[in-house]
Asks: 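Can you read through this structure? Questions will come right after.
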Number of protein chains: 2
Amino acid sequence: MLRLSTKGQYGVRAMFEIARGISRGPTTIKEISERQDVSVAYLEQILNTLRKAGLISSVRGPGGGYVLSRSPEKISIGAILRELEGPVAITSCLDPREGCLRVDGCVTHLLWKALGENIESFLDDMTLKDLLEGNDLMATQRRGRRQPEKIRMLHKS
Amino acid sequence: MLRLSTKGQYGVRAMFEIARGISRGPTTIKEISERQDVSVAYLEQILNTLRKAGLISSVRGPGGGYVLSRSPEKISIGAILRELEGPVAITSCLDPREGCLRVDGCVTHLLWKALGENIESFLDDMTLKDLLEGNDLMATQRRGRRQPEKIRMLHKS
DNA sequence: TAATAGCCGAGTAATTCTGTCAAGTATTAG
DNA sequence: CTAATACTTGACAGAATTACTCGGCTATTA
C-alpha cells in the first residue's frame with residue numbers, strides 16, 4: 001500500500017549522486033547510471049524533468065553533466081518527488097488537479113487530508129543534506145563519531 | 001504521489017457504514033452501496049476480504065448483513081487497509097513479501113523505512129471510533145459541543 | 001571537426017487497477 | 001417446504017498506469 005513509483009525513487013537516488021559529487025564538478029548520467037544501477041535512457045527522462053523544474057542544471061559537451069541548482073540543505077525530498085510524481089494526494093479527491101464533489105460531510109476526506117499533510121511535512125523536512133550525512137554516518141559509524149540530528153531517527157533500527 | 005487504491009478507500013467507507021449501523025443490527029451490502037455510492041459487486045469482493053481477515057462477520061439470509069467483529073475503537077484504519085492493500089511499503093524493497101538485495105549501505109532505504117513507519121503509526125492510531133466521533137462532530141458542530149481529542153486534528157482546516 | 005554529453009518526443013510491453021458477471025450456498029419468513 | 005433474501009466465490013476483462021526503450025537531435029569543447 002502507498003507505494004512510490006520507481007521514477008520517484010530513482011529521482012531521489014540520482015539527486016543524491018549529484019549532491020555527493022559536488023566537489024568533483026558535474027556528474028554525468030553515465031556515472032549515475034553505473035552507481036545507482038538505472039538505465040541511462042530512463043535517467044535522461046527523469047533528470048530532464050528535474051532540470052525543467054529548476055532543481056538541477058546541466059552542462060553540455062565534454063566534461064559536462066549535472067549540478068545542483070542550490071545547496072543540498074535547500075533541496076527537500078518532497079520537492080524532488082513532487083516534480084516527478086505530482087503532489088501528495090492519498091485520494092483523487094485531494095489532488096488539486098482533480099477535485100472532489102462530495103467534500104462536505106465526508107469524514108474520510110478529513111482523514112486522508114491529515115495523513116497527506118503528515119507525509120508532506122516529513123518529506124519537506126528531509127533534505128539531500130540529511131541523506132549525505134546519513135551516508136557519511138553509515139560509512140564511519142564504527143568509529144563512534146557524533147551523529148547528525150535527523151539521521152539518528154533514520155538509525156533507530 | 002502515494003495514492004491509495006479505491007479498494008482501500010471503499011473498504012474504510014464500508015467499515016464506517018457498518019460501524020455507524022451498529023444499533024440497527026447487521027448492515028446489508030445494498031445499504032452500504034447506496035449510502036457510499038459503490039457498486040454491490042465490488043463491495044462483495046471487498047467485504048469478503050475483510051470478513052476472511054476477521055474484521056467483520058456476516059449473517060446470511062433475510063435480515064442478514066455485516067457486523068463488526070469487535071468494537072469500533074479496536075478496529076484501526078491501518079488494519080483495514082493492510083487487509084485490502086497489503087502492508088505499507090513505500091518501495092518494493094520494504095515489502096516483507098518481496099525483499100531487497102542492496103539493503104546495506106543504502107541511505108534511501110532508511111528514509112523510506114522511516115516514512116513508512118510514520119504512516120503506519122498514524123493509520124494504526126486512527127480507529128473507526130474516531131471516524132464516528134468525527135462524523136458526529138460534523139453533524140453537530142454548530143452547537144458548540146466538546147470536540148473529541150483526535151478529531152480536532154482532523155478539523156484544523 | 002570529431003568526440004562528448006545532454007535534449008526531446010514517440011512508442012510499447014507489462015502490470016495493476018477497477019471493476020463486472022454468473023453461478024453458487026445459507027438462512028429465514030410464511 | 002419453498003420462495004425470497006443475502007452473502008460467497010472464482011473468473012475474467014477493459015482501462016489506466018508504469019516502466020521503460022529507441023532514434024535522432026543539439027550544444028560544447030579539445
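In what follows, chains are A, B, ... by sequence order, proteins preceding strands, each numbered from 1.
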Asks: For A:R60 and C:dA3, give me the distance from atom CZ to atom C1', rounded to whole Å.
Replies: 15 Å
Asks: Which whole-number value in Å describes the distance from A:L84 CG to D:dT18 C1'?
Replies: 14 Å
Asks: Classify B:L47 by what it touches in the nucleic acid, base, sugar-phosphate, or nothing, heavy-atom distance under 4.0 Å.
Replies: nothing
Asks: Just the rounded figure in Å: distance from C1' of C:dC21 to CG of B:L43.
Replies: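 One finds 16 Å between C1' of C:dC21 and CG of B:L43, rounded.
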Asks: Do the side chains of A:L111 and B:L131 get nearer than 4.5 Å, heavy atoms only?
Replies: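 Touching, per the 4.5 Å side-chain cut-off.
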Asks: Could you give the distance from CE (B:M15) to OG1 (B:T127), rounded to the nearest 0.5 Å?
Replies: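 Interatomic distance, B:M15 CE to B:T127 OG1, rounded to 0.5 Å: 11.0 Å.
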Asks: Report the residue (A:P62 or A:N48) whose heavy-atom-nearest nucleotide on DNA chain C is the more 5′ of the two.
Replies: A:P62
Asks: Does A:E44 get its side chain close enough to the base of C:dC7, under 3.5 Å, for a donor-acceptor pair?
Replies: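 A donor-acceptor contact between them is present.
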Asks: Nearest to the side chain of A:Y10, heavy atoms from C-beta on, is which of D:dC7, D:dC20, C:dG19?
Replies: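 For A:Y10, the side-chain atoms sit closest to D:dC20.
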Asks: Grab the CD-C1' distance between B:Q9 and C:dT18 for me, whole Å please.
Replies: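 In whole Å, C:dT18 C1' and B:Q9 CD are 12 Å from each other.
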Asks: Please give, in whole Å, the distance from D:dC7 C1' to B:I46 CD1?
Replies: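 One finds 15 Å between C1' of D:dC7 and CD1 of B:I46, rounded.
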Asks: Regarding B:T49 and B:E83, is there a side-chain donor-to-acceptor distance under 3.5 Å anywhere?
Replies: no
Asks: Would you indicate which nucleotide in D:dT21, D:dT8, D:dG23 comes nearest to any side-chain atom of B:Y66?
Replies: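 Looking only at heavy atoms from C-beta outward on B:Y66, the closest nucleotide is D:dT8.
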Asks: Taking the side chain of A:S39 as heavy atoms from C-beta outward, which of D:dT21, D:dA19, D:dT9 is closest to it?
Replies: D:dT21
Asks: Classify the side chain of A:Q45 and the base of D:dT21 as holding, or not holding, a donor-acceptor pair under 3.5 Å.
Replies: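 Such a pair exists between side chain and base.
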Asks: Look at the side chain of B:S58 and decide which nucleotide, out of D:dA19, D:dC7, C:dA5, has an atom nearest to it.
Replies: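 Nearest to the side-chain atoms of B:S58, counting from C-beta on, is D:dC7.
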Asks: Could you check how far OH of B:Y42 sits from P of D:dT8, rounded to whole Å?
Replies: 18 Å
